[in-house]
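Both backbone and side-chain heavy atoms feed into the values below; hydrogens, waters and symmetry mates do not. Just so it is clear, the model here is predicted, and its values are computed rather than measured. Within every chain, numbering begins at 1; the chains are lettered A, B, ... in the order of the sequence lines, protein sequences first and strands thereafter.
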There are 2 protein chains.
Amino acid sequence: MQIRNGRMAAPPALDALDNSIIDILRTNGRATNQDIAQQLSVTAATVSARLQKMEDARAMRVVAVTDFAARGYNVIIAVGVRVQGRGIQEVGRDLAKFPEVLSVNAMNGGYDLELMVALHDFSEVQEFLYDHISGIDGVAQIDSGVAVDIVKYEFNVVPLGPT
Amino acid sequence: MQIRNGRMAAPPALDALDNSIIDILRTNGRATNQDIAQQLSVTAATVSARLQKMEDARAMRVVAVTDFAARGYNVIIAVGVRVQGRGIQEVGRDLAKFPEVLSVNAMNGGYDLELMVALHDFSEVQEFLYDHISGIDGVAQIDSGVAVDIVKYEFNVVPLGPT
DNA sequence: ATTGAAAGGAGTTGGAC
DNA sequence: GTCCAACTCCTTTCAAT
């Protein structure tokens, strides 16, 4: 059981206009302020001000995401990991360094860590688990991957961190 | 066991420059082409061309993400769901509609669906599970949430879909 | 908090290498 | 594939409401 970080909950402070701007940028993060303004019947200056406010408040961020399928990663597997002799977060951060590792969650119950891993095909599974995952210090046990079909991924959940 | 979609693996086709551009946009999706160009010692015209190429190929996309912590969501829980009497994907898509639901995965083995849910605090867990999740047609069993601490979320994994 | 206008900055296109 | 240059378009700021 863990609160995400030391930060207090920020004021919600996002009104309907803020949310409309976010909605447009969720589809196209490089939409121009003028385009956004036109769609929402305000001026570009307003959009500019709102965006700065939200970025300063760390309520929103625009980022590039890559389509793993377009890059030839067609298989997603979930991998359970048990940790021994080292901090769970620490081991998780090491595992997170692999580009194939999409997500790392420290779970309270069941496994210590659950990973989502993107691979080109199933023939890579054994190799990845045993050559890469199990080579990390502190990884005591791996429960070999279960294929996953992604219905929704809405992330951005990571604390946005210092600028 | 499921291949992500009907699409064939696209040519990798991303060279070092493409990847450098993506790296910069991963930090700031609204970086100007000129800024990017300067950091990589090319011209803005080149960056513009590369970005169009990658967007057309659906290899990359720039999107807005919101920081759930900044919006007052401090607790992430994993919820296992078993489905009966309805298609798993179909139920998954219904569950995906809740704004609190960050991710929905159809797992092969264990639960049929695994959700990640963002809530303001633990007092909301029971209410959300029983008032919202269990109300969806086809949800046969819920394994109540396990708190999760996110180490990495690198997603973008969803097929990008038609423009 | 939003606007309008203005000045500086950025995006894109076409032609040359 | 990249560059240069020009044109067009966008972003931001500030005074005013």
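The CD1-P distance, from B/Ile21 to C/dG11, rounds to 12 Å in whole Å. Between the CD1 atom of A/Ile36 and the P atom of D/dC10 there is a distance of 12 Å, rounded to whole Å. Counting to the nearest Å, the C1' atom of C/dA1 and the CG atom of A/Leu40 are 15 Å from each other. Atom CG of B/Asn28 is separated from atom P of D/dT11 by 13 Å (rounded to the nearest Å). Going from atom CD of B/Gln39 over to atom C1' of C/dA10 covers 16 Å, rounded to whole Å. Straight-line distance from the NZ atom of B/Lys53 to the C1' atom of C/dG11: 18 Å, rounded to whole Å. Per the geometry, CG belonging to B/Leu51 stands 13 Å off P belonging to C/dT13, to the nearest Å.
Of the candidate nucleotides D/dT12, C/dT12, D/dC3, C/dT12 has the atom lying nearest to any side-chain atom of B/Asn33. Closest to the A/Arg50 side chain, of the nucleotides C/dA1, D/dC3, C/dG4, is C/dA1. Of the candidate nucleotides C/dT2, C/dT12, D/dT11, C/dT2 has the atom lying nearest to any side-chain atom of A/Thr46. Taking only side-chain atoms of B/Thr32, from C-beta outward, the nucleotide of D/dC3, D/dT13, C/dG11 with the closest atom is C/dG11. Of the candidate nucleotides D/dT12, C/dG4, C/dT13, C/dG4 has the atom lying nearest to any side-chain atom of A/Thr43.
Toward the 5′ end of DNA chain D lies the nearest nucleotide of A/Gln34, the other residue of the pair A/Gln34 and A/Gln52 mapping further downstream. If A/Ala49 and A/Arg30 are placed on DNA chain C by their nearest nucleotide, the residue sitting closer to the 5' end is A/Ala49.
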Could you walk me through whether B/Asp112 and B/Arg86 pass salt bridge (Lys or Arg N to Asp or Glu O under 4.0 Å), step by step?
CA-CA 11 Å; B/Asp112 294 316; B/Arg86 234 179 132 210; over 6 Å; no
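For the atom pair CE (B/Met54) and CD1 (B/Ile22), the distance works out to 4.5 Å, reported to the nearest 0.5 Å.
Residues B/Asp15 and B/Asp18 have side chains in contact (heavy-atom distance under 4.5 Å, counting atoms from C-beta outward). A 4.5 Å side-chain heavy-atom check between A/Val139 and A/Val91 finds at least one atom pair inside the cut-off.
Under a cut-off of 6.0 angstrom, the local environment of CD in A/Gln141 is crowded, with over 12 non-hydrogen atoms contributed by other residues, nucleotides or ligands.
At the heavy-atom level, A/Leu17 lies under 4.0 Å from the strands shown only through sugar-phosphate atoms.
For B/Ser48 and C/dT12, the shortest distance from a side-chain N or O to OP1 or OP2 is below 4.0 Å.
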